[in-house]
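Throughout, numbering of the chain's residues begins at 1 and tracks the sequence.
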Amino acid sequence: MSIFDIYINVIESILFIIFHMRVFNVSFKKYYLYFGLFSLILFVDITIYNCFSLNELFCVLSILSICILYIYFATENNIIHIIFISMIIYTFSLFSNTLTIMLNQVFFNNSLSYVILVIVSKIIFLLFVIFIPHYLN
């Protein structure tokens, strides 16, 4: 695993937590310790998954569990609502990856490198983080 992969894992974990914070209107000033702790836990989870090539189901369930616990501790909202929104957010993450792969195949004939694909995928996910939470409230 390279330094680039570690940076991408950090960015992805922070984006997941920020997406959840924006959807559930969690104040960063009030819950910055939870933000740091759960971002670190999510980063470790994603890194372990990438290092050891664990089962995809384990990855999905662990990411969703960490995000659900974060929002539950921060808001104590209805757990069914939190689970549903967390699954939608994970779907947006998958959609950004899929969209990047499709763009590479259609417009670039599979010629883009791994680094460019990952960066474009995270940029698309960042755009989702910026524009989508307003509609999920």
Side-chain angles (χ1 to χ4, degrees):
M1 176 170 261
S2 68
I3 297 294
F4 174 75
D5 292 331
I6 292 173
Y7 284 135
I8 291 299
N9 292 346
V10 168
I11 290 169
E12 186 173 13
S13 64
I14 289 172
L15 285 176
F16 265 110
I17 297 298
I18 289 174
F19 204 155
H20 280 82
M21 287 177 70
R22 293 199 60 213
V23 169
F24 289 98
N25 296 323
V26 175
S27 170
F28 179 76
K29 291 180 182 179
K30 189 174 181 183
Y31 294 102
Y32 64 91
L33 288 176
Y34 282 150
F35 174 79
L37 177 68
F38 280 96
S39 293
L40 178 67
I41 292 170
L42 196 57
F43 162 72
V44 169
D45 178 56
I46 294 169
T47 304
I48 288 173
Y49 168 74
N50 289 336
C51 282
F52 297 114
S53 298
L54 298 176
N55 188 356
E56 185 73 27
L57 182 62
F58 170 77
C59 177
V60 171
L61 291 177
S62 61
I63 288 174
L64 287 176
S65 299
I66 292 167
C67 293
I68 289 167
L69 284 174
Y70 169 69
I71 291 301
Y72 186 73
F73 285 138
T75 65
E76 295 183 8
N77 216 347
N78 184 1
I79 193 73
I80 302 299
H81 183 243
I82 295 171
I83 291 170
F84 181 70
I85 296 296
S86 292
M87 288 191 304
I88 291 173
I89 291 172
Y90 190 79
T91 305
F92 280 119
S93 172
L94 290 177
F95 183 67
S96 68
N97 295 338
T98 305
L99 186 62
T100 304
I101 292 170
M102 288 172 39
L103 290 173
N104 183 33
Q105 290 179 351
V106 172
F107 295 112
F108 299 105
N109 200 17
N110 288 333
S111 62
L112 294 178
S113 68
Y114 166 74
V115 173
I116 293 173
L117 288 175
V118 170
I119 291 172
V120 169
S121 172
K122 297 312 161 210
I123 289 172
I124 292 172
F125 190 53
L126 176 65
L127 292 174
F128 287 153
V129 169
I130 292 170
F131 295 113
I132 298 296
H134 174 72
Y135 299 108
L136 291 178
N137 284 337

Mind checking whether [X] and [Y] have parallel, tilted or perpendicular rings, split at 30° and 60°?
{"X": "Y70", "Y": "Y34", "answer": "perpendicular"}
{"X": "F35", "Y": "F28", "answer": "perpendicular"}
{"X": "F16", "Y": "Y90", "answer": "parallel"}

Indicate if [X] and [Y] have the same hydrophobic cluster label, given that clusters are the connected sets of ILVMFWY residues with side-chain heavy-atom separations under 4.5 angstrom.
{"X": "I41", "Y": "I48", "value": "yes"}
{"X": "V44", "Y": "L42", "value": "yes"}
{"X": "I123", "Y": "M102", "value": "no"}

With no hydrogens and no angle check, is any side-chain donor or acceptor of [X] less than 3.5 Å from a backbone partner on [Y]?
{"X": "T100", "Y": "S96", "value": "yes"}
{"X": "Y31", "Y": "A74", "value": "yes"}
{"X": "T75", "Y": "Y72", "value": "no"}

Neighbour count above 12 (heavy atom, 6.0 Å) for N110 CG: yes
F84 atom CZ, neighbour heavy-atom count above 12 within 6.0 Å: no
Correct closest heavy-atom pair for I89 and F125 would be O-CE1, 4.1 Å
For Y114 and D5, does a side-chain donor sit closer than 3.5 Å to a side-chain acceptor? yes
